[in-house]
Q: 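Please see the structure below; I have some questions.
In what follows, chains are A, B, ... by sequence order, proteins preceding strands, each numbered from 1.
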2 protein chains.
Amino acid sequence: MRTERGRRGAMAAERKVTITAIAREAGVSVPTVSRVVNGRSDVAPETRAKVEELLRQYGYRRRTHAPGDRAALLDLVFNDLDSPWAVEIIRGVEEVAHSSGIGTVVSAIHDRAGAARQWMTNLRARASDGVILVTSVLEPLLHNELHRLGVPIVVVDPAGAPALSAPTVGATNWAGGLAATEHLIQLGHRRIGFIAGPPRLLCSRARLDGYRAALESAGLPLDEELEVPGDFYHESGFHGCRQLMRLTDPPTAVFAASDQMAMGAIEALRQRGLRVPQDISVVGFDDLPEMRWSAPPLTTVRQPLAEMGKVAARTVLRQARGEEIDSPRVELATELVVRASTAAPAR
Amino acid sequence: MRTERGRRGAMAAERKVTITAIAREAGVSVPTVSRVVNGRSDVAPETRAKVEELLRQYGYRRRTHAPGDRAALLDLVFNDLDSPWAVEIIRGVEEVAHSSGIGTVVSAIHDRAGAARQWMTNLRARASDGVILVTSVLEPLLHNELHRLGVPIVVVDPAGAPALSAPTVGATNWAGGLAATEHLIQLGHRRIGFIAGPPRLLCSRARLDGYRAALESAGLPLDEELEVPGDFYHESGFHGCRQLMRLTDPPTAVFAASDQMAMGAIEALRQRGLRVPQDISVVGFDDLPEMRWSAPPLTTVRQPLAEMGKVAARTVLRQARGEEIDSPRVELATELVVRASTAAPAR
DNA sequence: CTGAAAGCGCTTACAG
DNA sequence: CTGAAAGCGCTTACAG
């Protein structure tokens, strides 16, 4: 095996392995090799065997695509692949794409211009049929290039002002923020802390506004002290919560704009010797699968991540086919999932 | 925008949009359009603008690849995309592939023959340069087809008997099982429960054997009662742990063969009013990122998942280039990460 | 079952 | 900056 692989490598280097080269070597015509490569049935078993053997030895790879069977591909682009978040979206996109015979190319561009450039070049080479950008703030330059290429784009969880005229698929972040806060109010909480997401993201703003709206419509005062910054990651939830608990009049409930921050908040509370939910309630946002099993199971706002991926995939595929799209701006419903991290306030 | 898209669709349907058609429409030669499509600089601005506009309107997509710039693609295949596990591997593979200008196509075949077939067809159409199979038990039939196609394969976390002669990348599961158990023994535990993974998987066997080896070399008896079945998922850890605690002489420590099962075990203990680690110790396996933040932070055996992805990607890429591979069977080191879920036994 | 011929979509020198 | 010509890798009727 080792040697064979080595041999193949050497051969591949010597000359370009084309269907023509294989045909010559096998002593058959080019069309015959073509048939074998395409798995057609009308080839004599011995011929097929001989050609297949050669194909394998030389490490033959098709160099052009048959007209029509163009590589059916869809690009799914994340900034980072570092959250349990990502896999949910991948799952949704993959499911839809796969069943349409389309491959899902997953990339992470890490907000670095170089990586984005490189990705763009790759995209061009692989002639992707569509692009799904997740929370991505691709530079306008690349956006324009994409547009020029005529590749359909859809943006999932749009980060800021809608890029170009690309359709977007999001979640009802505002409604989710509202529902979470109303839930706490209903339980009897009057002072509710909020740990925010990165302010540059649209979804962060929406969740914050939902929180405020719930407070206001319940006739509760907005207290700036109760709104602390965060970045969606665990650590910032931990510190945000500590900041809230140091207040002279600390909240009896905390709404964190992400599950990971909620977990950080719970950790901070535990270190202070406070029990959740007996002493203080905590609500998260996302409903990552693990939250069902956290201790205590987390009350949170469910984002239909996989569903968002599916809708995005369907939308980009329809665009690729030149079909009309129903609506350029979709927001899928969030849903409050009440579990065990919330209760009526202590007193 | 809406109407333009509609128009493009209609046009695309009317005739095939090839470089030739665009050239005719634009009143330029075919090579000129080719240059525009390939972003060459030697085209007059007005010509370029006109051609680009047409390209966009007709929704032009390249139909064949330039010789040499074949779609550089690598297929990463999971059974399921339902664990936080997956994203770590994706991350490693993507990083290596991306930096080589290669796209990572992620698929899930759900152990269903139909999906695997479909994937195989897609793979063929997209002329993937290599395949990374994760814990995958692809039917021999498909394996052979892959082999015939001459596509390099590497298997990550091999499930069973090494498939064909494909190189494999795994982790030192046996050593990990040994280390986890030794850690508990060193703390003074004498009765240690084990919640196993699916017996058909090689890694499950290895972890179990490591557990047994540690017990034996410490002169501790093997007690079949202390080994309960599981499937790596949360629920089975919960039930497995309950089963262990119902024993007349229950263990003082539990080693779960996956982090998710460890979390399930902790939940079961909590429900019985037992504290971890004061009353009973728990060790997991995997070191999923969330485990740092679990309550208590989990002592576990770290599998270098992203690193395994990287090694797999490098290996498959080298094979694709016809290079020798260093070693057909690689096991990356696991590492015991001691956190707060383990302590000396109560008495 | 197989090959000679025609054709397709695209690119690469080359000449102007 | 542009096009006529040659070429490439592959496939599809068509004839035997």
Q: Using a 4.0 Å heavy-atom cut-off, does A/Val30 contact any base of the nucleic acid, only the sugar-phosphate backbone, or nothing at all?
A: base

Q: Could you work out, with side-chain contact (heavy atoms from CB on, under 4.5 Å) as the rule, every residue matching B/Ala312, not counting sequence neighbours?
A: B/Ile132, B/Val154, B/Val156, B/Val169

Q: Which residues satisfy the salt bridge (Lys or Arg N to Asp or Glu O under 4.0 Å) test with B/Glu88, sequence neighbours excluded?
A: B/Arg91

Q: Going by side chain to side chain donor-acceptor pair (under 3.5 Å), name the residues that satisfy it together with B/Arg318, two or more places apart in sequence or in a different chain.
A: B/Glu323, B/Asp326

Q: So, does A/Thr32 get its side chain near the phosphate of C/dT2, meaning an N or O under 4.0 Å from OP1 or OP2?
A: no

Q: Tell me: CZ of A/Arg48 to C1' of C/dC1, nearest whole Å?
A: 11 Å

Q: Between D/dG3, C/dC1, C/dG3, which nucleotide gets closest to the side-chain atoms of B/Ser29?
A: D/dG3

Q: If you find the nucleotide of DNA chain D closest to B/Val43 and the one closest to A/Pro31, which residue's nucleotide is nearer the 5' end?
A: B/Val43

Q: Evaluate the side chain to side chain contact (heavy atoms under 4.5 Å, CB included) criterion for residues B/Val131 and B/Trp119: first the C-alpha distance (whole Å), next the side-chain angles of each, then the deciding distance (0.1 Å), finally the verdict.
A: CA-CA 11 Å; B/Val131 174; B/Trp119 167 77; 3.9 Å; yes

Q: Could you spell out the base pairing of DNA chain D as a dot-bracket line? Use Watson-Crick and G-U wobble contacts where both distances are under 3.5 Å, [ ] for crossing pairs, | for partners on a different strand.
A: |||.||||||||.|||

Q: Excluding sequence neighbours, so at least two apart, what forms salt bridge (Lys or Arg N to Asp or Glu O under 4.0 Å) with B/Arg112?
A: none

Q: OP1 or OP2 of D/dT11 less than 4.0 angstrom from a side-chain nitrogen or oxygen of A/Ser34, does that happen here?
A: yes

Q: Which nucleotide in the set D/dT12, D/dC1, D/dG3 lies at the smallest distance from any side-chain heavy atom of B/Pro45?
A: D/dC1

Q: What's the closest nucleotide to the side chain of A/Val28 if the choices are C/dG3, C/dT2, C/dC1?
A: C/dG3

Q: What is the distance, rounded to the nearest whole Å, between atom CZ of B/Arg35 and atom P of D/dA4?
A: 11 Å

Q: Do B/Asp157 side-chain atoms and B/Val134 backbone N/O form a donor-acceptor pair below 3.5 Å?
A: no

Q: Just the rounded figure in Å: distance from P of D/dC10 to CZ of A/Arg24.
A: 12 Å

Q: Could you list the donor-acceptor pairs under 3.5 angstrom formed by side chains in residues 27-34 of chain B, with sequence neighbours left out?
A:
from, atom 1, to, atom 2, distance (Å)
B/Ser29, OG, B/Thr32, OG1, 3.2

Q: Respond yes when some side-chain nitrogen or oxygen of A/Thr47 is under 4.0 Å from OP1 or OP2 of C/dT2, and no when none is.
A: yes

Q: For A/Asp42 and D/dG16, what is the distance between atoms CG and P respectively, to the nearest whole Å?
A: 18 Å

Q: Using atom CD1 of A/Ile19 as one end and atom P of D/dT12 as the other, report the distance to the nearest whole Å.
A: 11 Å

